[in-house]
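Everything on this sheet refers to the single structure shown next.
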Number of protein chains: 2
Amino acid sequence: MSPKDKVMHTKNVKTLHAIQSEVENTNRIALSVDCVIFGFDENKLKVLLIRSDLKKYSGKWSLLGDLVFPKEDLDAAAYRILKQRTGLSDVYLEQVHTFGSVNRHPAGRVVTVTYCSLINVQHHKINILDNELHWHDIKTVNDLAFDHQQIFDNCLKQLQKRVQEHPLGFNLLPKKFSLRDLQNLYEAILDIKMDRRNFRKKFFTMDLLIDLNEIEQDASHRPGKLYAFNYEKYEKKQKKWVGIDF
Amino acid sequence: MSPKDKVMHTKNVKTLHAIQSEVENTNRIALSVDCVIFGFDENKLKVLLIRSDLKKYSGKWSLLGDLVFPKEDLDAAAYRILKQRTGLSDVYLEQVHTFGSVNRHPAGRVVTVTYCSLINVQHHKINILDNELHWHDIKTVNDLAFDHQQIFDNCLKQLQKRVQEHPLGFNLLPKKFSLRDLQNLYEAILDIKMDRRNFRKKFFTMDLLIDLNEIEQDASHRPGKLYAFNYEKYEKKQKKWVGIDF
DNA sequence: TCAATAATGTGTGTATTTTACACATTAAAT
DNA sequence: ATTTAATGTGTAAAATACACACATTATTGA
């Protein structure tokens, strides 16, 4: 992703009117995507939200979404939203769940496919001048518009589960990070405290971190060593996944 | 579920023509659900398939699906398919993934939400007179119509994962089962062999099986004891789910 | 300059879980 | 009654998870 990528905040995004014309007076089902975009900043897990453009939900925040174009792949629609709102391409994006209750959307029958995305806020920060967009600490997210609270809760739970099974977290960190950064990330996502020494041991025995032989700059005390995630090595590994446990 | 439930095989199910009229000459997206219905019989994991009604795919098998009605909840549509095809209600049903490539369906733009269902084939067997429907051994499933092979593969993988984390498997067994039945089930789903003694220990230490103080009938050798799954006790448990491992 | 401070980095012992494997018991079949 | 092929039970080693102690390093500030 390059900093030259322009951010298109509200351009090309269908509004309430578009949605209504899509479903109004028809017996059709409209299809949308909604993206739950996570970031990690100041040791807090954050989510990118936009002010709702519906009167009924004025003052409320909502997820970033749009209708799917008729000749657009579903995943492509999600990538489009992401690019529009963050200027970023080549980011982690995964489908989570589809919400399709008849009355979930006030403008009519809109079924929405939700996606979870993890981005590095440092790459995005420079672009967030639009005050319609805001990074919210996930701990303060409540009362979103529509059924977006439910969607968000579902997505967060999925993230908490997936981050323990796959190396997704690194998408939220800079390429170079300290063990403390990594632990702070996991503690923020899982909302728990972990033992520093066992956490370290865990990741070292996985043997998927590249020691960069560099140390943190600007640390107020003893600086930690910097690491990068070894994606190549991870790809070669095949997880032994059998273990009944419920 | 009662045996009085009638099975409606092809009635009320939209055909190719209906799909085409839904999407033809419009710039709209049609929405369907597809159900991957698993059963367990003769110690093999099976999936319920139907002969494709499209010429292009004649001779091929496909999943059970239908368009979603405009005023029908998404989950309700999936339940409707299940009821139509198996006569069963109150069965395990969970959404898995939504497939939305532009060209995935030959009749036009149809986005499909896939569901995974687990049923007891003993409850269904009596109704399967329609030779359009057939239980296929999952090991022989290949070359399904449309993108249904991809959908099936995805669903099976999800099942393999979920069955290790949640007590889903019991939906495929009779209420009373032996430890050997249970192990056969897991071996069929996961496609692995497991140590009989460790498997037994695993489930006994979980302490979620009710000893019915009954033994198998008609066993050709020493009969095993029968058990039932303790759903009540399971509901009360809360899994300790923290453990980074990838 | 140098001790106090607050981090990082390393190690150790215990408990728990997983894994591999041996032997006794039971009911059916011959 | 003996053989057979299951079920039911136990035991020890290996691997993993967990709790916690101590040394090291860079910064801070008196």
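Below, read A as the first sequence line, B as the second, and so on, with proteins coming before strands; counting in each chain starts at 1.
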Let me know the distance between CZ of B:R180 and P of C:dA27, rounded to the nearest Å. 18 Å
Could you work out, with side chain to side chain contact (heavy atoms under 4.5 Å, CB included) as the rule, every residue matching A:D245, not counting sequence neighbours? B:K239
Name all residues meeting the salt bridge (charged side-chain N to carboxylate O under 4.0 Å, His left out) criterion together with A:K157; count only those two or more places apart in sequence or in a different chain, and write none if there are none. none
What is the distance, rounded to the nearest whole Å, between atom CG of A:L179 and atom C1' of C:dA7? 13 Å
Listed once per pair and sorted, the ring pair (Phe, Tyr, Trp, His ring centres under 6.0 Å) pairs that draw on residues 149-194 of chain B, sequence neighbours left out: B:F170-B:F177, B:F170-B:F229, B:Y186-B:F199, B:Y186-B:F203
Please work out which residues in residues 194-206 of chain B have a non-hydrogen atom less than 4.0 Å from an atom of DNA chain C and list them by number. B:D195, B:R197, B:N198, B:K201, B:K202
Partners meeting side-chain hydrogen bond (donor to acceptor under 3.5 Å, both in side chains) with A:D211 (sequence neighbours left out): A:K225
DNA chain D: 5'-proximal contact among B:K225 and A:H221 (nearest heavy atom): B:K225
Test of understanding: with salt bridge (charged side-chain N to carboxylate O under 4.0 Å, His left out), list the residues that count as partners of A:K175, not counting sequence neighbours. none
Going by salt bridge (charged side-chain N to carboxylate O under 4.0 Å, His left out), name the residues that satisfy it together with B:R196, two or more places apart in sequence or in a different chain. none
Does either side chain, that of B:N154 or that of B:Q150, offer a donor lying less than 3.5 Å from an acceptor on the other one? no
Expected list for residues 208-215 of chain B near DNA chain C, using heavy atoms below 4.0 Å, is none
Could you tell me the boundaries of the chain A footprint on DNA chain D, defined by atoms under 4.0 Å from its heavy atoms? D:dA17 to D:dT27
With sequence neighbours left out, what residues match A:D73 under salt bridge (charged side-chain N to carboxylate O under 4.0 Å, His left out)? none
Side chain to side chain contact (heavy atoms under 4.5 Å, CB included) partners of B:I215, counting only residues at least two apart: B:Q217, B:P223
Set of residues satisfying side-chain hydrogen bond (donor to acceptor under 3.5 Å, both in side chains) with respect to B:K161, sequence neighbours excluded: A:E165
